[in-house]
Amino acid sequence: MWWRRLRYVLLLIALCAIATCPAAKRSCTAKTRAVEADELLGYLADRVAAHVAATGRVPPTAAGPAPQPACCEQGGTCAPDATAWAQPGWRELGFSIDGTHRYTYQYAPDPSGLGATLRAAGDLDCEGTASTVELKLAVVGGKLSRVWSHKATSE
């Protein structure tokens, strides 16, 4: 008699697991895709920090947003494209993306030369929810300080 109850409990657990799997997969996929922006903006910040160490100022040439059009307009991911990273600002930073990616990147220096904003924007699943990762940089005491922000907005 107890095995019948156990069978129903196991069936209920299995149904719950099946019902939550798609949501869990979407969540895991979104987190994995969002790491791209953090890693690449961190790399860009390191490039800016090297310039600050050498000159005391951030690189003066703005770059991006690149690539254009946005990745959702290209089928969900952007293919590697050397021309997207040929702008003088990207060359000054020594930055390009040589693999597929999901964000559009931008570098906006402050006219004073003592700050800049790095931005990655994209709709990771192309369903109308834009994700923006922003990294504010400031030269303080000859070193680069970093302040991160992450935003998601429905379009």
Side-chain angles (χ1 to χ4, degrees), residues 16-155:
C16 289
I18 290 170
T20 59
C21 281
K25 184 179 181 327
R26 280 192 304 272
S27 175
C28 182
T29 300
K31 287 178 185 175
T32 301
R33 290 176 179 170
V35 169
E36 171 197 316
D38 291 338
E39 289 176 352
L40 291 178
L41 290 184
Y43 174 79
L44 272 168
D46 292 343
R47 302 292 298 167
V48 173
H51 192 277
V52 168
T55 66
R57 299 199 172 280
V58 300
T61 310
Q68 290 295 331
C71 297
C72 283
E73 296 172 31
Q74 297 181 40
T77 59
C78 290
D81 179 11
T83 60
W85 311 106
Q87 294 177 357
W90 293 128
R91 286 194 316 239
E92 188 175 352
L93 288 166
F95 181 76
S96 67
I97 300 177
D98 302 324
T100 59
H101 54 283
R102 296 180 176 277
Y103 285 89
T104 298
Y105 294 88
Q106 183 176 12
Y107 170 72
D110 186 87
S112 70
L114 298 176
T117 301
L118 297 170
R119 186 174 296 116
D123 183 348
L124 297 179
D125 53 11
C126 298
E127 291 182 354
T129 302
S131 173
T132 303
V133 180
E134 205 169 77
L135 179 53
K136 299 259 186 198
L137 307 172
V139 179
V140 179
K143 299 197 180 211
L144 196 65
S145 72
R146 306 171 188 206
V147 177
W148 291 86
S149 70
H150 294 77
K151 300 173 191 164
T153 55
S154 296
E155 296 176 344

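Computed from heavy atoms alone, side chains included, the values below leave out hydrogens, waters and symmetry copies. Heads up: numbering here begins at 1 and tracks the sequence.
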**Request:** Mind jotting down which residue pairs meet the salt bridge (Lys or Arg N to Asp or Glu O under 4.0 Å) criterion with at least one end in residues 60-69? Sequence neighbours excluded, please.
**Result:**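 Listed once each, the pairs would be none.
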**Request:** Please list all pairs passing the salt bridge (Lys or Arg N to Asp or Glu O under 4.0 Å) test where one or both residues lie in residues 110-122, with sequence neighbours left out.
**Result:**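 Passing the test, one end in residues 110-122: Arg119-Glu134.
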**Message:** Main chain of Ala50, side chain of Asp46: is a donor-acceptor contact present, judged purely on distance under 3.5 Å?
**Reply:**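 No.
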**Complete:** Gly128 and Asp123 have their tightest heavy-atom pair at N-OD2, 2.7 Å
**Request:** Taking all heavy atoms of Val52 and all of Val139, pick out the closest pair and write down the distance.
**Result:**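 Between these two residues, the closest heavy atoms are CG2-CG2, 3.9 Å.
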Within the structure provided, determine whether [X] and [Y] are in side-chain contact (heavy-atom separation under 4.5 Å).
X      : Y      : result
Tyr105 : Leu40  : yes
Glu36  : Tyr103 : yes
Thr132 : Thr153 : no
Leu44  : Trp90  : yes

Identify, with sequence neighbours excluded, every residue that meets side-chain hydrogen bond (donor to acceptor under 3.5 Å, both in side chains) alongside [X].
X      : value
Glu92  : Thr61
Ser96  : Asp98
Tyr107 : none
His101 : none

For [X], check side chain to side chain contact (heavy atoms under 4.5 Å, CB included) against everything at least two apart and list the hits.
X      : value
Ala138 : Val140, Ser145
Ala49  : Leu144, Arg146
Pro69  : Glu73, Gln74
Arg57  : Thr55, Leu114

**Request:** Among Thr117, Val48, Val58, find the residue that satisfies the side-chain contact (heavy atoms from CB on, under 4.5 Å) test when tested with Pro109.
**Result:** Val58
Using distance only, find each side-chain donor-acceptor pair of residues 79-86 under 3.5 Å and give its atom names and separation, not counting sequence neighbours.
residue	atom	partner	partner atom	Å
Asp81	OD1	Thr83	N	3.2
Asp81	OD1	Thr83	OG1	2.6
Asp81	OD2	Thr83	OG1	3.1

**Fill in**
Separation between CZ (Arg102) and SG (Cys78), nearest 0.5 Å, reads 9.5 Å
**Prompt:** If you round to the nearest 0.5 Å, how far is CG of Asp38 from CH2 of Trp148?
**Reply:**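 If I round to the nearest 0.5 Å, the distance is 5.0 Å.
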**Prompt:** Do any pairs count as a disulfide (SG to SG under 2.5 Å) and have a residue in residues 88-135, sequence neighbours left out, and if so which ones?
**Reply:**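 Output for this query lists Cys72-Cys126.
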